[in-house]
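A short worksheet on the structure shown next.
For reference, positions follow the sequence shown, starting with 1.
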Amino acid sequence: MGRGKVQLKRIDNKIKRQVTFSKRRSGLLKKAHEISVLCDADVALIVFSNKGKLYEYSTDSSMEKILERHESYSYAERAILSNEADPQADWGLAYSKLKTRVESLQRSQR
């Protein structure tokens with residue numbers, strides 16, 4: 001016997017919503033672990049509950065390393081897109097990034 005099709009809409013009953021969140025969260029964490037093991041992939045998963053509680057999963061490499069990789073990829077993608085649109089825009093982005101870095105280093109040096 002197969003499962004019925006689930007209509008995706010907000011669950012009105014607060015208790016049922018919490019139970020569904022808990023079950024689906026554990027299933028999502030399990031799937032993240034499975035894909036990391038089976039495919040030797042780096043996985044980072046971040047889930048916030050409606051009360052603001054944090055649930056996270058990351059593979060053997062730390063969450064920080066994975067997030068740094070994501071940031072570098074998204075930065076490189078933005079740079080490519082901005083170079084296609086306006087080559088001078090990349091210089092402005094690099095300048096502002098370096099300027100904030102220098103300011104933070106100067107503050108920490110004091």
Side-chain angles (χ1 to χ4, degrees):
M1 183 163 183
R3 296 182 187 162
K5 191 169 186 174
V6 177
Q7 185 180 16
L8 291 180
K9 66 174 188 171
R10 186 174 185 268
I11 299 171
D12 293 328
N13 187 329
K14 189 175 183 179
I15 294 169
K16 286 183 179 180
R17 186 170 56 240
Q18 181 58 39
V19 169
T20 301
F21 174 79
S22 180
K23 287 181 179 180
R24 294 216 172 203
R25 182 195 70 231
S26 62
L28 184 61
L29 293 170
K30 182 179 175 184
K31 289 290 184 183
H33 175 70
E34 288 173 359
I35 196 169
S36 69
V37 171
L38 293 173
C39 303
D40 194 28
D42 287 335
V43 177
L45 174 67
I46 301 171
V47 178
F48 287 100
S49 70
N50 62 346
K51 294 182 180 180
K53 190 170 180 184
L54 169 68
Y55 301 94
E56 64 180 43
Y57 171 81
S58 62
T59 53
D60 293 336
S61 60
S62 68
M63 178 72 78
E64 290 82 19
K65 289 180 184 177
I66 296 173
L67 291 176
E68 285 174 4
R69 280 181 56 195
H70 174 266
E71 188 176 324
S72 68
Y73 276 101
S74 62
Y75 177 75
E77 186 175 287
R78 282 190 306 247
I80 290 170
L81 290 176
S82 67
N83 281 342
E84 290 173 358
D86 181 15
Q88 295 297 329
D90 188 40
W91 289 105
L93 182 64
Y95 172 76
S96 63
K97 192 171 183 178
L98 287 172
K99 184 177 178 182
T100 55
R101 176 89 172 133
V102 167
E103 289 171 354
S104 67
L105 288 172
Q106 287 174 343
R107 279 194 300 266
S108 66
Q109 214 172 23
R110 291 181 206 147

How many angstroms lie between [atom1] in [X] and [atom2] in [Y], if you round to the nearest 0.5 Å?
{"X": "R69", "Y": "I66", "atom1": "CZ", "atom2": "CD1", "result": "7.5 Å"}
{"X": "E56", "Y": "L29", "atom1": "CD", "atom2": "CG", "result": "10.0 Å"}
{"X": "L67", "Y": "K65", "atom1": "CG", "atom2": "NZ", "result": "12.5 Å"}
{"X": "L38", "Y": "K31", "atom1": "CG", "atom2": "NZ", "result": "9.5 Å"}
{"X": "E68", "Y": "E64", "atom1": "CD", "atom2": "CD", "result": "7.5 Å"}

For H33, give me all partners under side-chain hydrogen bond (donor to acceptor under 3.5 Å, both in side chains), at least two apart in sequence or on another chain.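 Partners of H33 under the side-chain hydrogen bond (donor to acceptor under 3.5 Å, both in side chains) test: Y57.
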By side-chain hydrogen bond (donor to acceptor under 3.5 Å, both in side chains), which residues pair with R17, not counting sequence neighbours?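 None.
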Hydrophobic cluster membership, L28 vs L54, 4.5 Å side-chain cutoff: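 Unlinked, L28 and L54 end up in two clusters.
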Can V19 be reached from F21 by stepping across I, L, V, M, F, W or Y side chains whose heavy atoms are under 4.5 Å apart?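 No, it is not one cluster - the side chains of F21 and V19 are not joined through contacts under 4.5 Å.
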Which atom of V43 lies closest to which atom of S36, heavy atoms considered: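 Closest heavy-atom pair between V43 and S36: CG2-CB, 3.8 Å.
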Over all heavy atoms of both residues, which pair between L45 and M63 is shortest? Give the atoms and the distance, please.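 Reported closest heavy-atom pair: O-CE, 3.8 Å.
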Got a donor-acceptor contact below 3.5 angstrom from the S22 side chain to the Q18 backbone?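 Absent.
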Could you check whether any side-chain N or O of S58 sits under 3.5 Å from a backbone N or O of S62, counting only pairs where one atom can act as donor and the other as acceptor?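 No, because the side chain of S58 does not come within donor-acceptor range (under 3.5 Å) of the backbone of S62.
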Could you identify which residues cluster with V37, counting Ile, Leu, Val, Met, Phe, Trp and Tyr as linked when any side-chain heavy atoms lie under 4.5 Å apart, either directly or through a chain of such contacts?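 Under the 4.5 Å side-chain rule, V37 groups with nothing.
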Taking atom CD1 of I11 as the centre, does the number of heavy atoms from other residues, nucleotides or ligands within less than 6.0 Å exceed 12?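 Yes, because the 6.0 Å sphere around CD1 of I11 holds more than 12 heavy atoms from other groups.
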Does atom CG (N13) have a neighbourhood of more than 12 heavy atoms from anything else shown, all under 6.0 Å?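 Yes, CG of N13 has more than 12 neighbouring heavy atoms, counting only those of other groups under 6.0 Å.
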